[in-house]
Amino acid sequence: MCGIAGILSSDIDLRNEKKMIMNISSSLKMRGPDASGEYINTDNNQSAALIHRRLAVIDVENGAQPMRFGDYIIVYNGELYNTDEVRNELKSYGYTFDTLCDTEVVLKAFHKWKENSAKKFNGIFAFAVYNEKSGGLFLCRDRIGVKPLFYSYVNNTFSFASRMESLLYVKGVESVCDREGLNEIFMLGPAKTIGKTVFRDIRELPPAAYMYFRNGKTEIKEYWSLTAREFTDGFDAAKEKTYSLVKDAIKRQLVSDVPLCTFLSGGLDSSIISKVASDEYKSRGETLCTYSVDYDDNDKYFKKSLFQPNKDSDYIGLISDYIGSEHKNVVLNNGEVASSLYDAAVARNCPGFTDVDSSLLLFCREVKKDYTVCLSGECADEVFGGYPWYHRKEILFEETFPWSRSVNVRRSILKDGFLPEGEEYAHSAYLETVRKTDFLESDSTLEKRMREMFRLNMDWFMQTLLVRKDVMSMEASLEVRVPFCDWRIVEYAYNMPWEIKAYNSREKGILRKAFENDLPAEITWRKKSPYPKTFNPEYLKAVCDLTSKALSDKSSPINEMLNINAIKDLTNAPDSLSEPWYGQLMRAPQVLAYVYQIYVWAEKYNVEFIY
């Protein structure tokens, strides 16, 4: 994995901007600590720069970037899982290769097929190709949006980068947050609308999209989308197809020239990945290493809930022994989880998923001490209907985001009259996503709604988790791969009838049935439990202290937006919060932490608010 950036400008001579380019490169260092490279050219009445930071995973000795072929220069971030297939097809057209890395394959595929090359790739990626002859630029992002790519176009200067912070070093790009950005933060966050960011001058290239920038104009097109098709497989065929697709995706993603491990929570998804990986390692005479995360004294303070019915620790040893992995359990200090909220907000360049982020950041830093690549079970719940809101009829047909059913809690921490359009902003975002859903005329009311739920979860909840996993892992210079995001799995599951997907009225029923012979029954049929969070009151106390410190800073612009008394009341009575802020995990401690992260973000980036 890597960090990429670039600038095209008709106003700035980039040959004279060494400090700006150095700052941009430095801002990407954690995404690519192993090597760096730059390309600078002034021609075609413009100045161009490409910047690359490398985390070497495949063909470590080669693959330096920016990489050139003919008139094309590429900077690339990602992994192709069908590299051999694409390379062999290119060889049949007469192409030759000097490296084993996928960068060269992507570059030459673009040379051959231009924008249609994206349809050839199975992987996670974001890349840019500059045409030295024409001065045009091509940007592209993977189908599911696992790898990030942001861009800006101000004052005749177009720029792109893997991180928003990198773009803030570009002349003319300002750290301004307007009403749209504020609505994203307070009414939707930590989720965000695809294509938007919290900064006025920065946008996101959507997943499954490519962009051309040429002659001062941008053109964005979608090259893949969720399309409704008739599902012709019966249950047994669906079970076998699910098994083969998932297993194939996992095995493809085990390729690495550096040490690789898996995350293992004791849940279904990570257990499937770890079992397949362990079997593959055993066939080579090797032992897989697995990792789990927990918190100081969490067993002592654990509280059952609808969303978290049992502890992961009860199951991790069972599955680790079953697959024969070398297991390591990382236990996090609650004070450090709280203090790392700062690092997590800075890594994201915006307020985020609070301790769900900071704990993952700390976890990844521990894993990175021994490993560079890891496989993780994210996104099976979105793809195979794992969340409670898929199964609770009183929620299913509500015209709202099921993980954030109202903005009441959000409204309660804001000053009266602030962002009066907030409710409409959130509801419009919901409606726009539903409108994009493709379905068949023959779909029943339930099947149509399940397609809408699939789209809602994929575009919102899943994107939030993918941003979290990418940002926090790369901040630790750890590459994390997500096999359940293989686009073939996503496409197949989208068209699978609900009665098959939810076999036996269970969340992820078809996935459980597909792998029931590979796992212990206690794992296969265990009720879903989300990412572990801390229940220790030490964390709440630390967060309250941080939030109080933020609110006491009278110079902070957040004081003009927030209902300070309501937030103080929440610190005194956290159990008074009647509903979660977002999803299953963000309750009072996380709401307070979110306020603190807004403060950190505003201070760190000297954000100017316009409303």
Side-chain angles (χ1 to χ4, degrees), residues 150-155 163-165 167-168 170 172-204 341-342 345-346 348-354 400-401 404 406-433 460 464 467 546-570 581-582 586 590-611:
F150 303 98
Y151 69 93
S152 180
Y153 188 30
V154 295
N155 300 334
R163 300 183 70 214
M164 291 186 287
E165 180 182 309
L167 297 178
L168 294 176
V170 178
V173 180
E174 298 178 331
S175 56
V176 171
C177 179
D178 57 15
R179 292 187 78 92
E180 180 178 85
L182 287 166
N183 274 297
E184 291 287 318
I185 291 169
F186 286 113
M187 298 299 156
L188 296 172
K192 68 172 186 61
T193 306
I194 285 179
K196 297 181 180 181
T197 79
V198 296
F199 292 110
R200 181 195 62 190
D201 291 347
I202 300 174
R203 284 291 184 260
E204 172 197 53
L341 289 167
Y342 181 95
V346 173
R348 244 190 213 261
N349 312 149
C350 63
F353 219 159
T354 63
T400 185
F401 293 117
S404 187
S406 79
V407 298
N408 292 341
V409 174
R410 299 165 183 270
R411 179 62 69 192
S412 71
I413 70 164
L414 297 177
K415 282 192 172 180
D416 289 344
F418 186 68
L419 298 178
E421 74 280 11
E423 285 80 356
E424 178 57 31
Y425 188 92
H427 191 57
S428 293
Y430 163 83
L431 291 175
E432 179 59 28
T433 308
W460 290 91
T464 306
V467 170
L546 290 171
T547 307
S548 296
K549 179 183 176 182
L551 297 180
S552 67
D553 184 353
K554 301 304 180 186
S555 66
S556 175
I558 68 172
N559 286 287
E560 301 302 315
M561 311 172 196
L562 299 175
N563 182 336
I564 306 300
N565 288 331
I567 297 170
K568 288 181 178 178
D569 289 344
L570 189 58
W581 175 282
Y582 182 87
M586 290 188 73
Q590 289 73 36
V591 173
L592 296 171
Y594 193 67
V595 170
Y596 171 68
Q597 287 197 318
I598 295 171
Y599 168 77
V600 167
W601 167 71
E603 292 297 304
K604 168 67 177 178
Y605 298 106
N606 194 26
V607 179
E608 178 186 355
F609 293 94
I610 299 176
Y611 52 89

- [ ] Run through Leu182, Ile185, Val407 and flag the one making a side-chain contact (heavy atoms from CB on, under 4.5 Å) with Leu419.
- [x] Leu182
Do [X] and [Y] come within less than 4.5 Å of each other through their side chains, counting heavy atoms only?
X      : Y      : value
Tyr582 : Phe401 : no
Ile598 : Met561 : no
Tyr153 : Asp201 : no
Phe418 : Glu560 : no
Leu188 : Asn183 : no
Leu414 : Arg410 : no
Tyr342 : Val346 : yes
Leu551 : Leu562 : yes

Where [X] and [Y] come nearest, the two heavy atoms and their spacing:
X      : Y      : answer
Ala426 : Met187 : CB-O, 4.1 Å
Gly172 : Asn155 : CA-ND2, 3.8 Å
Pro557 : Ala602 : CG-CB, 4.4 Å
Val198 : Cys177 : O-SG, 3.4 Å
Met586 : Pro190 : SD-CD, 3.6 Å
Val409 : Ser412 : O-OG, 2.6 Å

Is there a donor-acceptor contact under 3.5 Å from the side chain of [X] to the main chain of [Y]?
X      : Y      : answer
Ser428 : Tyr425 : no
Arg200 : Glu174 : no
Tyr605 : Val176 : no
Asn349 : Glu165 : yes
Lys415 : Asn559 : yes
Thr197 : Ile202 : yes

- [ ] Check step by step if side-chain hydrogen bond (donor to acceptor under 3.5 Å, both in side chains) holds for Gln597 and Thr354.
- [x] CA-CA 7 Å; Gln597 287 197 318; Thr354 63; 5.6 Å; no
TODO: Give me the ring orientation class for Tyr594 and Trp581: parallel if the planes are under 30° apart, tilted from 30 to 60°, perpendicular past 60°.
DONE: tilted
Task: Aromatic plane relationship, Phe199 with Trp601 - under 30° parallel, 30 to 60° tilted, over 60° perpendicular - done: tilted
Look up atom [atom1] in [X] and atom [atom2] in [Y], then write down how far apart they are to the nearest 0.5 Å.
X      : Y      : atom1 : atom2 : value
Glu608 : Asp178 : CD    : CG    : 10.5 Å
Ile567 : Tyr596 : CD1   : OH    : 14.5 Å
Ile564 : Ile413 : CD1   : CD1   : 9.5 Å
Ser406 : Glu423 : OG    : CD    : 9.0 Å
Glu603 : Asp553 : CD    : CG    : 5.5 Å

Task: Charged N-O contact under 4.0 Å between Lys192 and Glu204 - done: yes
TODO: For side chain to side chain contact (heavy atoms under 4.5 Å, CB included), just list the numbers for Leu592 and Leu570, CA-CA rounded to whole Å, side-chain angles, deciding distance to a tenth of an Å, and then say yes or no.
DONE: CA-CA 8 Å; Leu592 296 171; Leu570 189 58; 4.0 Å; yes
Task: salt bridge (charged side-chain N to carboxylate O under 4.0 Å, His left out) assessment of Glu421 paired with Arg179 - done: CA-CA 10 Å; Glu421 74 280 11; Arg179 292 187 78 92; 2.7 Å; yes
